[in-house]
Protein chains: 2
Amino acid sequence: MNSPAVLAATYRAHGRKLTPQRQLIFSLLHDNTTHPTADALYATASHKMPGISLRTVYQTLNELAEMGELQTIDLGEGVTRFDPNVDDHHHAICNVCGAITDVHVERASALRPKGVDGFNVDDIGVVFRGVCASCEASSKRSPSPQVKKSKSASTPTPKH
Amino acid sequence: MNSPAVLAATYRAHGRKLTPQRQLIFSLLHDNTTHPTADALYATASHKMPGISLRTVYQTLNELAEMGELQTIDLGEGVTRFDPNVDDHHHAICNVCGAITDVHVERASALRPKGVDGFNVDDIGVVFRGVCASCEASSKRSPSPQVKKSKSASTPTPKH
DNA sequence: GAGATAATTTGCAATTCGTGCGAACAAACA
DNA sequence: TGTTTGTTCGCACGAATTGCAAATTATCTC
Ligand SMILES: [Mn+2]
Ligand SMILES: [Mn+2]
Ligand SMILES: [Zn+2]
Ligand SMILES: [Zn+2]
């Protein structure tokens with residue numbers, strides 16, 4: 001995603017207004033590698049700007065995505081996550097703490113779907129699920145059964 | 001997924017009852033390669049057994065998944081899909097008609113996430129998005145293709 | 001600066017997908 | 001046939017996200 005300053009210019013160039021709410025969201029997304037949900041961003045935003053609405057957060061995220069400044073990712077948790085990293089990359093998700101990390105996959109674009117004829121590939125997504133280093137370490141320290149439940153137990157905020 | 005007959009035995013072995021609703025769902029899933037949603041299965045089931053409830057369809061699907069007879073997949077459409085194919089495989093999704101096809105990916109298990117240290121990979125998922133052969137053909141024939149929409153009729157995630 | 005104007009923000013209703021719950025029901029078995 | 005559970009099913013509820021319209025405000029014009 002572009003810097004808040006560049007985004008400001010982009011917005012004006014698109015005939016969109018530069019509101020304090022939008023500027024705040026730009027700053028919260030800048031260099032944000034946590035793949036936050038709208039709700040998570042709303043929580044943070046509310047801290048700095050009490051009164052901002054969740055609706056506005058959603059709207060701004062959606063327009064950023066529409067403008068290609070942001071990527072939306074859905075990992076099957078029932079919530080949409082937002083990723084300011086629009087470069088070609090993939091993700092690793094920890095089954096224990098829920099942390100989502102950007103990863104690179106060598107020769108990913110060379111992957112081919114076998115078993116379908118004439119399928120024209122536009123995009124390839126690779127998702128790794130497993131246990132992150134930090135969780136692996138703490139499980140060795142104090143072995144407690146840490147199993148990620150299917151649905152409602154979706155992880156709030158990775159605390160590493 | 002096992003055959004309806006085998007599932008019947010499995011169910012009994014698990015102390016579960018073999019109801020007509022369950023048997024119907026077993027048969028609807030057998031050799032089903034459409035990756036149906038609960039609602040889609042409910043529609044079909046209702047046809048053969050008027051009065052069956054959506055609740056029961058959900059319940060049966062969930063228990064089959066719990067027993068490992070079925071795989072749940074979430075491709076970010078806002079709905080859970082069910083896949084009787086529990087073998088190691090991946091998916092290709094047509095951006096035009098929404099069809100989801102099973103595909104094989106060579107050396108998929110050899111993929112490694114670069115950029116994270118000590119991440120212990122349990123599972124790798126590869127998703128191809130693009131245009132299926134059939135849609136590709138019809139788009140060449142007539143400029144307006146068939147658009148099957150589920151929830152987000154809006155344009156799929158554009159990245160890069 | 002003051003005013004006009006169209007874009008934004010917001011709160012709230014509505015929608016969608018799925019689950020919790022409990023009463024009515026029906027397999028399984030003696 | 002009766003008893004014992006496990007099941008079914010309707011309905012309320014919950015979470016995530018969007019539709020809507022009134023109130024607000026960024027931005028432009030003079
Ligand atoms: Mn990312
Ligand atoms: Mn499949
Ligand atoms: Zn972790
Ligand atoms: Zn297609």
Side-chain angles (χ1 to χ4, degrees), chain A residues 7-26 35-43 45-46 49-67 70 72-82 149-156, chain B residues 7-26 35-43 45-46 49-67 70 72-82 149-155 157:
Chain A
L7 280 182
T10 307
Y11 259 62
R12 289 230 169 78
H14 278 245
R16 311 188 107 121
K17 293 178 178 173
L18 195 61
T19 68
Q21 288 90 340
R22 284 173 171 171
Q23 295 182 72
L24 171 57
I25 296 173
F26 295 169
H35 303 88
T37 62
D39 211 61
L41 283 168
Y42 169 62
S46 296
M49 183 186 285
I52 190 175
S53 80
L54 174 59
R55 193 71 187 76
T56 296
V57 174
Y58 268 110
Q59 250 159 217
T60 304
L61 291 171
N62 285 339
E63 67 198 16
L64 282 170
E66 230 171 84
M67 298 168 73
L70 195 59
T72 67
I73 54 188
D74 191 317
L75 299 165
E77 313 159 289
V79 281
T80 301
R81 291 181 176 275
F82 298 86
K149 292 280 303 253
S150 54
K151 215 53 178 180
S152 57
S154 63
T155 322
Chain B
L7 281 182
T10 308
Y11 259 62
R12 290 231 169 77
H14 279 245
R16 309 187 111 120
K17 292 177 179 173
L18 195 60
T19 67
Q21 288 90 339
R22 285 174 173 171
Q23 294 182 74
L24 171 57
I25 296 174
F26 295 169
H35 302 89
T37 62
D39 211 61
L41 283 168
Y42 169 61
S46 296
M49 184 187 284
I52 189 174
S53 79
L54 175 59
R55 193 71 187 76
T56 296
V57 173
Y58 268 111
Q59 250 160 220
T60 304
L61 290 172
N62 285 339
E63 66 198 17
L64 282 170
E66 231 171 85
M67 297 169 75
L70 195 59
T72 69
I73 55 189
D74 191 318
L75 298 165
E77 313 158 287
V79 281
T80 301
R81 290 180 177 275
F82 297 86
K149 51 110 179 204
S150 51
K151 178 198 173 181
S152 52
S154 54
T155 312
T157 326

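Order of the sequence lines sets the chain letters (A, B, ...), proteins ahead of strands, with each chain counted from 1.
Along DNA chain C, the nucleotide nearest to B:T19 and the one nearest to B:F82 differ in position, and the one closer to the 5' end is contacted by B:F82. Mapping A:D39 and B:R22 onto DNA chain D via the closest heavy atom, the residue that lands nearer the 5' end is B:R22.
Going from atom CG of A:D39 over to atom OG1 of A:T80 covers 12.0 Å, rounded to the nearest 0.5 Å. B:L7 contributes atom CG, which lies 7.0 Å from atom CE of B:M67 (distance to the nearest 0.5 angstrom). Expressed to the nearest 0.5 Å, how far OH of B:Y42 lies from CD1 of B:I25 amounts to 11.0 Å. Remark: A:D74 CG to A:R81 CZ distance equals 10.0 Å, nearest 0.5 Å.
For the pair A:E66 CD and D:dT18 P, the interatomic distance rounds to 11 Å; values are reported in whole Å. One interatomic measurement links the two molecules: CD1 of A:I52 to P of D:dT25, which rounds to 14 Å at whole-angstrom precision. Taking atom CG of residue B:L24 and atom P of nucleotide D:dT7, one finds them 17 Å apart after rounding to whole Å. Distance, A:N62 CG to C:dT9 P: 13 Å, rounded to whole Å. Rounded to a whole Å, the OH atom of A:Y58 is 9 Å from the C1' atom of D:dT18. Protein atom CG of B:L64 is 12 Å distant from nucleotide atom P of D:dT7, rounded to whole Å. As rounded to whole Å, 16 Å separates atom C1' of D:dA16 from atom CG of A:L75. Taking atom CD1 of residue B:I25 and atom C1' of nucleotide D:dT7, one finds them 12 Å apart after rounding to whole Å.
Within the 4.0 Å cut-off from OP1 or OP2 of D:dG6, not a single side-chain nitrogen or oxygen of B:Q59 is found. Within the 4.0 Å cut-off from OP1 or OP2 of C:dG18, at least one side-chain nitrogen or oxygen of B:T80 is found. Close to C:dT10, at under 4.0 Å from its OP1 or OP2, lies a side-chain N or O of A:T56.
Contacts of B:L54 with the nucleic acid, taken as non-hydrogen atoms under 4.0 Å apart, are absent.
The shortest non-hydrogen separation linking B:F82 to B:T37 is CD1-C, 4.4 Å.
Distance from the side chain of B:R55 is smallest to C:dC21 among C:dT10, D:dA26, C:dC21.
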Could you walk me through whether A:Y11 and A:T19 pass the side chain to side chain contact (heavy atoms under 4.5 Å, CB included) check? CA-CA 10 Å; A:Y11 259 62; A:T19 68; over 6 Å; no

Evaluate the criterion side chain to side chain contact (heavy atoms under 4.5 Å, CB included) for residue pair B:H14 and B:E63; output intermediate values, then yes/no. CA-CA 11 Å; B:H14 279 245; B:E63 66 198 17; over 6 Å; no

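Of the residues in residues 7-17 of chain B, those placing a heavy atom less than 4.0 Å from an atom of DNA chain D are B:R16, B:K17, in numerical order.
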